[in-house]
Undergrad: 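A single structure is presented below for examination.
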There are 2 protein chains.
Amino acid sequence: MNPTQSLSLQLYTNSRILIQLIQGSLTEFGLTYPQYLVLAVLWKEDGLRVNEIGQRLELDSGTLTPLLKKLEAMNFVKRQRGEADERTVTAELTYPGKSLQSKVQESLNKLDAIIQEIPDFSIDSLNQTLAGLLENLKAIKNSDHA
Amino acid sequence: MNPTQSLSLQLYTNSRILIQLIQGSLTEFGLTYPQYLVLAVLWKEDGLRVNEIGQRLELDSGTLTPLLKKLEAMNFVKRQRGEADERTVTAELTYPGKSLQSKVQESLNKLDAIIQEIPDFSIDSLNQTLAGLLENLKAIKNSDHA
DNA sequence: TTACACTAAATTGTATTCAATTAAAAATTT
DNA sequence: AAATTTTTAATTGAATACAATTTAGTGTAA
């Protein structure tokens with residue numbers, strides 16, 4: 001079990017358990033975690049193309065297309081074919097989709113307060129480390145194709 | 001976007017990208033990442049019950065039962081009903097399953113060498129941080145049920 | 001001992017992930 | 001302009017995750 005194997009298991013398990021905790025806050029809104037992530041991207045920057053959402057979350061159309069159709073069926077998002085470039089599809093928040101933000105945020109802030117109480121643990125420091133790691137992993141992934 | 005929201009996205013994304021890199025080493029053996037994880041648990045301690053594998057990976061029978069059946073179909077594992085307690089099922093490595101370890105390990109060590117080259121990054125330190133975080137997250141998850 | 005609770009695995013149904021392929025539109029090259 | 005390449009989503013198929021339920025076996029208490 002080399003350090004990379006340990007790291008992958010730690011990331012995988014921490015990710016799943018934390019998402020389970022977050023899911024507890026999302027269920028009341030009928031959202032799954034990936035659905036929430038897409039909404040969070042749009043709350044920050046609305047009207048993005050499928051492509052652009054994918055870049056921000058490292059997800060492809062195989063995941064995003066059905067997910068966006070689901071969000072559209074739930075009336076949180078409207079999908080629209082690009083006028084200039086008909087290959088593209090943009091996702092725009094509906095009014096209910098926009099309204100959701102403050103409610104979801106309030107619920108997630110309660111969980112954050114609990115996580116912040118973990119002793120001897122700097123969540124900001126960990127976030128910085130992980131942001132740096134991600135850039136390196138993406139670089140390795142792309143260089144592998146050579 | 002509070003620190004916990006950032007953390008979940010970082011864990012989720014880093015986890016997926018690192019697993020994609022590892023998958024590149026596993027495909028030649030016909031293994032998926034969760035299948036490899038179960039084998040890795042058994043390489044360390046053979047003959048565990050479904051339950052016990054689940055504790056080590058934080059996975060339940062809904063995930064493990066079909067996965068173990070797949071590993072059995074690939075002849076890497078043999079599942080056996082407990083004699084004393086017929087509710088239990090134990091997973092034992094077959095000879096091909098055991099033989100796989102050194103080959104998979106060799107391939108994963110190559111990836112580890114690349115990851116180790118990332119500058120200004122202590123993978124061991126990160127692993128320790130994540131191990132500690134996981135224990136805290138599990139405690140929060142279990143206390144939530146109160 | 002018989003009813004009741006508990007435990008372990010399996011099953012069911014929904015929702016991702018992701019590699020690989022397809023289809024259509026746009027950009028580029030010849 | 002016609003052919004080729006590239007780009008963008010969508011589709012397809014296999015394999016998880018996981019909550020919720022079911023089934024069967026075990027333990028316990030009246």
Undergrad: In whole angstrom, give the distance that lies between atom NZ of A:Lys141 and atom C1' of C:dC18.
TA: 9 Å
Undergrad: Given the rule in the side-chain hydrogen bond (donor to acceptor under 3.5 Å, both in side chains) test, do B:Gln128 and B:Asp124 qualify, once you have shown the distances and angles that lead to the verdict?
TA: CA-CA 6 Å; B:Gln128 281 205 327; B:Asp124 292 323; over 6 Å; no
Undergrad: Does a side-chain N or O of B:Arg16 approach OP1 or OP2 of C:dC18 to a distance below 4.0 Å, or not?
TA: yes
Undergrad: Give the intermediate values and the outcome of side-chain hydrogen bond (donor to acceptor under 3.5 Å, both in side chains) for residues A:Ser8 and B:Tyr33.
TA: CA-CA 10 Å; A:Ser8 72; B:Tyr33 181 72; 2.8 Å; yes
Undergrad: Between B:Tyr36 (OH) and D:dT16 (C1'), how many Å, whole number?
TA: 17 Å
Undergrad: When you look at CD of A:Gln80, are more than 12 heavy atoms from neighbouring residues, nucleotides or ligands closer to it than 6.0 Å?
TA: yes
Undergrad: Could you state the atom-to-atom distance from CD of B:Glu86 to P of C:dA9 in whole Å?
TA: 13 Å
Undergrad: Indicate whether OP1 or OP2 belonging to D:dA10 is found under 4.0 Å from a side-chain N or O atom of A:Arg79.
TA: yes
Undergrad: Any base atoms under 4.0 Å from B:Gln20, or only sugar-phosphate, or nothing? Heavy atoms, all strands.
TA: sugar-phosphate
Undergrad: For the pair made of CG in A:Asp85 and C1' in C:dA24, what is the distance, rounded to whole Å?
TA: 11 Å
Undergrad: Tell me the interatomic distance from A:Glu28, atom CD, to D:dA19, atom P, rounded to whole angstroms.
TA: 16 Å
Undergrad: If the cut-off is 4.0 Å, is B:Thr32 near the phosphate of D:dT16, judged by side-chain N/O to OP1 or OP2?
TA: yes
Undergrad: In whole angstrom, give the distance that lies between atom CD1 of B:Ile17 and atom C1' of C:dA19.
TA: 14 Å
Undergrad: Quick one, A:Glu106 with A:Asn109, criterion side-chain hydrogen bond (donor to acceptor under 3.5 Å, both in side chains). Give me CA distance, side-chain angles, the key distance, then yes/no.
TA: CA-CA 5 Å; A:Glu106 186 181 2; A:Asn109 286 345; over 6 Å; no
Undergrad: Examine distances only and state if a side-chain atom of B:Thr129 and a backbone atom of B:Ser125 form a donor-acceptor pair shorter than 3.5 Å.
TA: yes
Undergrad: Atom CE of A:Met74 and atom P of C:dT14: how far apart are they, to the nearest Å?
TA: 14 Å
Undergrad: Let me know, please, whether B:Tyr33 or A:Thr88 comes out on the 5' side of the other along DNA chain D by nearest nucleotide.
TA: A:Thr88
Undergrad: With the threshold set at under 4.0 Å for non-hydrogen atoms, list the residues of residues 41-71 of chain A touching DNA chain D in residue-number order.
TA: A:Arg49, A:Val50, A:Asn51, A:Ser61, A:Gly62, A:Thr65, A:Lys69
Undergrad: Name each donor-acceptor pair under 3.5 Å that joins a side chain in residues 130-139 of chain A to protein atoms two or more places apart or in another chain, with its distance.
TA:
unit_1	atom_1	unit_2	atom_2	d
A:Asn136	ND2	A:Gly132	O	3.0
A:Lys138	NZ	A:Glu58	OE2	3.2

Undergrad: Without decimals, in angstroms, what is the distance between A:Ile19 CD1 and D:dC18 C1'?
TA: 12 Å
Undergrad: Are the side chain of B:Ser25 and the backbone N or O of B:Leu108 linked by a donor-acceptor pair below 3.5 Å?
TA: no
Undergrad: Looking only at side-chain N and O atoms, does A:Gln35 come under 4.0 Å of OP1 or OP2 in C:dT16?
TA: yes
Undergrad: How do A:Arg87 and A:Pro34 order along DNA chain C: which one's closest nucleotide is nearer the 5' end?
TA: A:Pro34
